[in-house]
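Let me begin by presenting the structure, written as structure tokens, before commenting on it.
The basis for the numbers below is simple: all heavy atoms, side chains too, and nothing from hydrogens, waters or symmetry mates. Convention: sequence-line order gives letters A, B, ...; per-chain numbering from 1.
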Number of protein chains: 2
Amino acid sequence: MVTMRDIAREAGVSQATVSYVLHNDPSISKPTRDKVLRVAQRLNYSINVSARTLRSGRTNAIGLVLQDLHNPYSTQVADAISVYARRRGYQTIIQQTFYEGDAEAEILQHIVSSMCDGVIFSPSKLNVREIMAQLNGKPSVLLSPVCENHSYDTMLVACEQGIFTTTSYLLSRGCRRPLFYCSRYADFDDIRDSADSKWQRVAGFQRALLRNGITPEPWQFLPERHWNRRSARETIVEAVRTGLDFDSVVCINDESAIGVLRGLADCGVRVPQDVSVVGFDGIEEGECCVPSLTTFAMDFDDFARKAVDALIDRINGDDAAPHAIIANSRLVVRESTR
Amino acid sequence: MVTMRDIAREAGVSQATVSYVLHNDPSISKPTRDKVLRVAQRLNYSINVSARTLRSGRTNAIGLVLQDLHNPYSTQVADAISVYARRRGYQTIIQQTFYEGDAEAEILQHIVSSMCDGVIFSPSKLNVREIMAQLNGKPSVLLSPVCENHSYDTMLVACEQGIFTTTSYLLSRGCRRPLFYCSRYADFDDIRDSADSKWQRVAGFQRALLRNGITPEPWQFLPERHWNRRSARETIVEAVRTGLDFDSVVCINDESAIGVLRGLADCGVRVPQDVSVVGFDGIEEGECCVPSLTTFAMDFDDFARKAVDALIDRINGDDAAPHAIIANSRLVVRESTR
DNA sequence: TTGTAGGCGTTATCAA
DNA sequence: TTGATAACGCCTACAA
């Protein structure tokens with residue numbers, strides 16, 4: 001490893017001078033500058049980030065801590081944030097917690113102590129108290145459906161409203177017997193004010209039904225499963241096999257919706273002629289599947305912009321009260337609804 | 001920020017003792033140990049990674065430098081590598097170069113100087129000489145279709161053989177007029193030994209045709225476009241509109257194949273009854289699309305295991321001659337072929 | 001315009 | 001069993 005000291009020795013200057021040159025300090029004369037730069041080039045110098053960080057306290061990187069990168073939604077979030085952060089002059093360091101509380105704490109600790117100037121963090125197991133303990137004052141933006149705190153800026157997703165919108169659209173197109181994938185039935189009054197992402201979606205579904213004079217009934221709720229293609233596919237196939245009478249499926253996310261589309265194809269059910277399907281998220285895959293997916297699509301670029309801007313403001317010392325941030329989103333009508 | 005010195009003061013021991021305790025050094029007595037740990041807990045201490053790295057030279061992290069995270073193939077690679085690296089006790093730091101030579105060099109420099117003990121790197125713009133200069137001796141595994149060097153372990157993809165396999169399968173099912181998405185026509189003899197990933201695939205296509213007594217002709221080659229859904233969709237729609245007579249499409253990757261499926265659906269062409277489609281990669285999306293995709297599927301877990309194991313061996317001082325590594329892969333027959 | 005020197009938080013050697 | 005102490009590579013007053 002070649003250090004500034006090596007360059008200094010080689011160029012016949014002090015190590016401090018090298019540092020100044022590499023920081024474009026104007027007080028260094030052109031000849032010295034050139035000489036140092038030439039040597040640095042020749043020795044193929046690259047700065048030691050640990051040393052710089054240790055000394056300066058700045059990393060010029062932001063941490064993005066997600067649960068995993070396995071699902072398209074997370075991937076698109078990660079992609080959009082990386083791209084925008086880069087435009088703002090920051091490296092993005094992506095880390096996954098794999099839904100393990102230990103990993104979460106460990107990663108936050110590492111990140112807190114160094115590696116990055118701020119964190120965009122999607123919590124799973126940790127509660128706000130624990131998060132605060134780990135984050136310990138480091139600038140942060142939370143990606144969370146719930147805004148159970150007033151300690152951090154939080155990117156919210158309009159779950160209730162989104163599912164209300166997709167369900168309402170379905171009903172406006174004449175559907176009367178929608179299924180919801182995936183949750184067990186719960187009484188509307190028990191969940192209407194829930195802070196939980198899933199229950200918010202269930203509540204949106206029910207509110208749309210009620211608004212249209214339909215009373216939600218337990219048969220409409222498909223059992224709780226993973227929010228992924230495979231679970232959704234298996235579940236909907238099972239529903240068709242058991243002879244469930246439905247004319248549409250409201251899905252908790254796009255990935256599930258794509259599994260539902262697949263499962264209906266397995267059963268020879270035509271979409272949208274026999275059954276309509278709506279998703280939630282707006283992942284790219286939904287544009288290109290057959291049939292393409294009607295969904296409540298988030299604007300990922302807007303999401304990334306707002307999250308990163310908020311974080312960088314905090315890094316730069318903004319101490320306004322933490323606030324909730326919502327990205328733009330809208331209903332996108334495609335082929336999966338009639 | 002709370003440091004070891006703070007703990008030491010609070011616990012009435014030296015800072016060195018704190019370090020020993022936090023490293024589970026057996027020479028520290030139980031009472032001292034407990035006292036220090038209690039204080040550390042209370043002060044919510046977390047280690048400063050920069051300082052540790054600067055001093056010890058070890059990070060316990062590996063860097064994964066990809067071109068982008070926008071396509072499912074890269075995402076699945078990143079996912080699999082992160083998961084396996086974690087099992088081997090390493091954090092994975094994912095970085096994207098966005099196909100910009102500058103970013104590539106910059107990221108490698110940062111990573112070289114610190115942040116991680118080794119790098120899994122997918123080069124785009126940089127040539128081997130430049131890579132070597134940036135990497136500067138840091139343990140590395142290259143993800144690259146070409147093995148133009150004997151300086152690094154390199155994960156190879158069986159491009160020629162893979163496309164040969166998918167094309168041969170198509171022909172064995174009675175197809176006689178396959179299209180190739182996407183490349184311009186090139187004479188077989190000019191490309192059969194190419195080191196380039198794309199030309200290897202084209203060569204595989206042609207070799208399969210020749211083996212079956214079919215002479216490749218320019219009309220079979222769809223113009224060069226991006227290897228993504230949208231380009232493929234537009235291209236195949238155009239091909240159908242112009243009345244091109246074909247009975248199958250060999251795609252350069254799965255993402256393109258999914259775009260082709262979509263484009264054919266746009267035109268009312270049935271798959272596989274009218275046209276068969278094969279992909280290359282084995283991304284998850286191919287399992288669940290309609291129709292599901294016949295493809296030459298890589299075993300991503302095997303890929304990750306081999307890449308990470310090789311890298312960790314190097315980190316641990318293995319100095320065997322660099323070698324080429326190929327992950328398991330196999331033809332997966334699904335619904336998109338007749 | 002350039003050099004000297006101290007310290008960022010840790011690890012690790014050596015001595016006590 | 002524990003404590004001094006000297007780096008690791010870089011940044012930045014301050015001095016020259």
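The shortest distance between the side-chain N/O atoms of B:S56 and the OP1/OP2 oxygens of C:dA12 is not below 4.0 Å. Between A:T17 and the phosphate of C:dG3, there is a side-chain N or O to OP1/OP2 separation shorter than 4.0 Å. Taking 4.0 angstrom as the limit, B:S14 places a side-chain polar atom (N or O) nearer than this to OP1 or OP2 of D:dG3.
For B:Y20 against C:dT13, a side-chain N or O and a base N or O form a donor-acceptor pair under 3.5 Å. Under 3.5 Å, the side chain of B:R55 and the base of D:dA7 form at least one donor-acceptor pair of N or O atoms.
Taking atom CG of residue B:N24 and atom C1' of nucleotide C:dT11, one finds them 15 Å apart after rounding to whole Å. Put simply, CZ on A:R5 is 7 Å from P on D:dC8, counting in whole angstrom units. Following rounding to the nearest Å, A:Y45 (OH) and D:dG9 (C1') show an atom-to-atom distance of 7 Å. Computed from coordinates, the B:L54 CG to C:dA12 C1' distance equals 14 Å when rounded to whole Å. The distance between atom CE of B:M4 and atom C1' of C:dT11, rounded to the nearest whole Å, is 8 Å. Following rounding to the nearest Å, B:H23 (NE2) and C:dG9 (C1') show an atom-to-atom distance of 12 Å. For the pair A:R9 CZ and D:dC10 C1', the interatomic distance rounds to 16 Å; values are reported in whole Å. Between A:L22 atom CG and D:dG9 atom C1' the separation is 13 Å, expressed in whole Å.
Electrostatic pairing of B:R9 and B:D6 counts as a salt bridge here, judged by a charged N lying under 4.0 Å from a carboxylate O. The existence of a salt bridge linking A:D301 and A:R305 is excluded, since no basic side-chain nitrogen approaches an acidic carboxylate oxygen closer than 4.0 Å.
Nearest-nucleotide positions on DNA chain C place A:I28 closer to the 5' end than the other of A:I28 and A:Q15. The 5' end of DNA chain D is approached more closely, in terms of each residue's nearest nucleotide, by B:V18 than by the other of A:A16 and B:V18.
Looking at heavy-atom distances under 4.0 Å, B:S29 makes contact with sugar-phosphate atoms alone, never a base. At the heavy-atom level, B:S27 lies under 4.0 Å from base atoms of the strands shown. Within 4.0 Å of A:S19, counting heavy atoms only, lies at least one base atom of the nucleic acid. Contacts of B:T53 with the nucleic acid, taken as non-hydrogen atoms under 4.0 Å apart, are absent.
If you look at A:F300 and A:Y84, their ring centroids are not closer than 6.0 Å.
No side-chain N or O of B:Q96 forms a donor-acceptor pair with one of B:Q67 less than 3.5 Å apart.
Here the nucleotide nearest the side chain of A:V13, chosen from D:dT2, C:dT10, C:dG3, is C:dG3.
Here A:L66 contributes atom CG and A:F121 contributes atom CZ; the two are 10.0 Å apart, rounded to the nearest 0.5 Å.
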